[in-house]
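On a predicted model such as this, the values are computed, not experimentally measured, just so you know.
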Amino acid sequence: MSAIGVARSQRKSLFLVKAMFQGLSVGGEWTTSFTYLLEHAPPGRRGLLSAIACCGGMLGVLAGSATGAALAGLLSPEALDSWGWRLPFLFGFVVAIAGFLLRRTSVGVAEIAGPSAGLPLVDTLRHHFRLVVRRTGVTTFLAVGFYLVFLYIVGWLQSVDGVGPARALTINTASMAAMIPIALAAGWLSDRLGGRPPVMLAAMAAAFVGTVPLFLLMHQNATLPIVAGQIALVILVGTVSALTPAFMVEATPPSVRCTAIAPGYNIPNGLLGGMTPLAAAWLVERTGVDLSPAFMMTAAAAVSFATLWTFRRPLAQGSP
């Protein structure tokens with residue numbers, strides 16, 4: 001192997017290690033940050049602030065995608081491979097400094113309960129295991145749906161419909177951008193209706209009924225039907241994504257919020273969501289049924305709908 005090949009292999013290994021640590025840090029930071037934000041939300045605005053938090057994450061994904069596309073367009077392949085790839089990480093370092101400064105100036109939260117005798121996460125799983133499992137069930141549709149609609153769908157359009165890579169990426173980027181106003185509208189609507197479950201249940205029910213027809217609509221090499229189908233899927237997934245943080249905070253007792261929400265949100269996203277693209281590709285190849293991914297999303301919608309339906313009592317006071 002040439003020196004260049006060795007350098008590239010080492011770089012990939014470092015990126016893999018970096019991504020693992022980044023995933024661990026983001027997984028812990030995301031749930032605690034939206035919990036902190038929503039606990040300080042003014043009355044009647046928790047749904048909208050939940051959507052804004054969701055949009056913040058989506059804007060980060062869009063910014064990363066746009067940065068990569070801009071560098072690829074401005075730099076030659078040689079320059080990009082030599083030094084240009086480092087620029088996004090320098091930008092990320094600036095973002096990290098901004099996050100550190102925000103954390104330093106954040107208002108503290110009063111202690112709700114006394115210190116735990118053991119590890120907080122272990123205590124939560126031991127004494128509130130059912131509570132964590134129910135939140136995992138609610139998040140299942142979001143995990144599977146998000147990874148299908150925003151990650152796997154690009155490859156599906158290329159392999160199944162014969163759509164070119166550039167067009168598939170453009171359609172997917174447009175759908176990611178469309179999720180921002182959709183999420184904000186869902187948050188506003190939930191505040192007007194006085195709760196998250198009715199809006200989330202409606203989106204999950206629509207996903208259960210409509211996912212297969214929408215994938216069938218996208219199953220052709222024509223831009224308009226593909227865009228229409230993907231935007232419709234974004235409405236369903238985006239609605240649930242926008243409201244899940246607020247629902248989690250409202251549905252979890254304050255004394256165990258962070259330690260119960262973190263596994264309830266991150267386990268389905270990390271395991272189910274992370275495995276979804278591979279499982280979808282395997283199903284299509286193994287069964288020969290191009291619509292197999294749609295059945296995965298339909299099943300996830302059924303699981304989350306059934307779990308969310310068990311939350312009968314009002315959630316505004318943080319009842320489990």
Side-chain angles (χ1 to χ4, degrees), residues 30-31 34-35 37-59 134-150 175-211 213-214 228-252 257 261 264-265 268-269 272-273 297-320:
W30 167 236
T31 52
F34 74 62
T35 299
L37 172 68
L38 297 177
E39 284 183 338
H40 290 77
R45 300 291 297 278
R46 187 172 275 174
L48 184 58
L49 283 178
S50 177
I52 291 174
C54 169
C55 292
M58 185 56 64
L59 285 172
R134 292 174 74 195
R135 281 136 191 83
T136 300
V138 172
T139 313
T140 296
F141 170 69
L142 170 59
V144 174
F146 187 91
Y147 279 82
L148 275 180
V149 172
F150 293 111
S175 69
M176 292 172 66
M179 181 174 166
I180 294 174
I182 290 169
L184 294 175
W188 175 86
L189 179 62
S190 73
D191 285 334
R192 300 286 78 75
L193 295 179
R196 268 38 76 183
V199 183
M200 295 173 68
L201 285 169
M204 292 170 183
F208 180 79
V209 174
T211 296
L214 290 174
Q230 192 159 357
I231 291 297
L233 290 173
V234 169
I235 292 174
L236 303 177
V237 175
T239 296
V240 176
S241 177
L243 301 182
T244 296
F247 169 79
M248 289 283 191
V249 171
E250 294 170 342
T252 308
R257 268 192 183 140
I261 291 176
Y265 189 93
N269 276 286
L272 294 178
M297 191 166 166
T298 300
V303 170
S304 291
F305 183 95
T307 308
L308 185 58
W309 188 259
T310 65
F311 289 83
R312 302 292 181 84
R313 290 178 294 174
L315 302 176
Q317 301 302 319
S319 57

- Message: Nearest 0.5 angstrom please: Ile261 CD1 to Thr31 OG1, how far?
- Response: 7.0 Å
- Please answer whether the main-chain N or O of Thr136 pairs with a side-chain N or O of Thr140 as donor and acceptor at a distance below 3.5 Å. yes
- What do the steps show when you test Val240 against Phe146 for side-chain contact (heavy atoms from CB on, under 4.5 Å), and what is the final call? CA-CA 10 Å; Val240 176; Phe146 187 91; over 6 Å; no
- Note on the structure: Rounded to the nearest 0.5 angstrom, the CD1-CG distance for Ile52 and Leu48 is 4.5 Å
- Contacts of Phe34 meeting ring pair (Phe, Tyr, Trp, His ring centres under 6.0 Å) (sequence neighbours excluded), chain-then-number -> Trp30, Tyr265
- Item | From Leu214 atom CG to Leu236 atom CG, the distance as rounded to the nearest 0.5 Å | 6.5 Å
- What class does the angle between the rings of Trp309 and Phe305 fall in, given that below 30° is parallel, 30 to 60° is tilted and above 60° is perpendicular? parallel
- Side chain of Thr139, backbone of Gly264: donor and acceptor closer than 3.5 Å? yes
- For residues Leu49 and Pro42, report the shortest heavy-atom separation together with the two atoms involved. CD1-CD, 3.8 Å
- Task: Could you tell me which non-hydrogen atom of Ala178 sits nearest to which non-hydrogen atom of Ile231, and how far apart they are?
- Result: CB-CD1, 3.7 Å
- Task: Might you point out which heavy atoms bring Ala143 and Pro268 nearest each other, and give the distance in Å?
- Result: CB-O, 3.3 Å
- Note on the structure: Between Thr252 and Arg257 the two heavy atoms that sit nearest each other are O-NE, 3.0 Å
- Pairwise distance CZ(Phe141) to OG1(Thr298) - rounded to 0.5 angstrom: 9.0 Å
- Sub-3.5 Å donor-acceptor pair from the side chain of Ser50 to the main-chain atoms of Arg46, do we have one? no
- Query: Going by distance alone, is a donor N or O of one side chain under 3.5 Å from an acceptor N or O of the other, for Ser190 and Arg196?
  - Reply: yes
- What are the two closest non-hydrogen atoms of Ala51 and Gly187, and how far apart are they? CB-CA, 4.1 Å
- Taking atom OG1 of Thr239 and atom CD1 of Ile182, what is their separation to the nearest 0.5 Å? 7.0 Å
- Message: Rounded to the nearest 0.5 Å, what separates atom CD in Glu39 from atom CD in Glu250?
- Response: 11.5 Å
- Message: Quick check: do Met297 and Val149 have side-chain heavy atoms less than 4.5 Å from each other?
- Response: yes
- Query: Does Ser304 reach the main-chain N or O of Gly137 with its side chain, forming a donor-acceptor pair under 3.5 Å?
  - Reply: yes
- Query: Within the side chain of Ser241, is there an N or O that forms a donor-acceptor pair under 3.5 Å with the backbone of Val237?
  - Reply: no
- So do Ser175 and Phe150 actually touch side chain to side chain, heavy atoms under 4.5 Å? yes
- Task: With side-chain contact (heavy atoms from CB on, under 4.5 Å) as the test, would you mind laying out the steps for Phe311 and Arg135 before giving the verdict?
- Result: CA-CA 10 Å; Phe311 289 83; Arg135 281 136 191 83; 3.8 Å; yes
Side-chain donor-acceptor pairs of residues 200-211 under 3.5 Å, sequence neighbours excluded:
residue	atom	partner	partner atom	Å
Thr211	OG1	Ala207	O	2.5

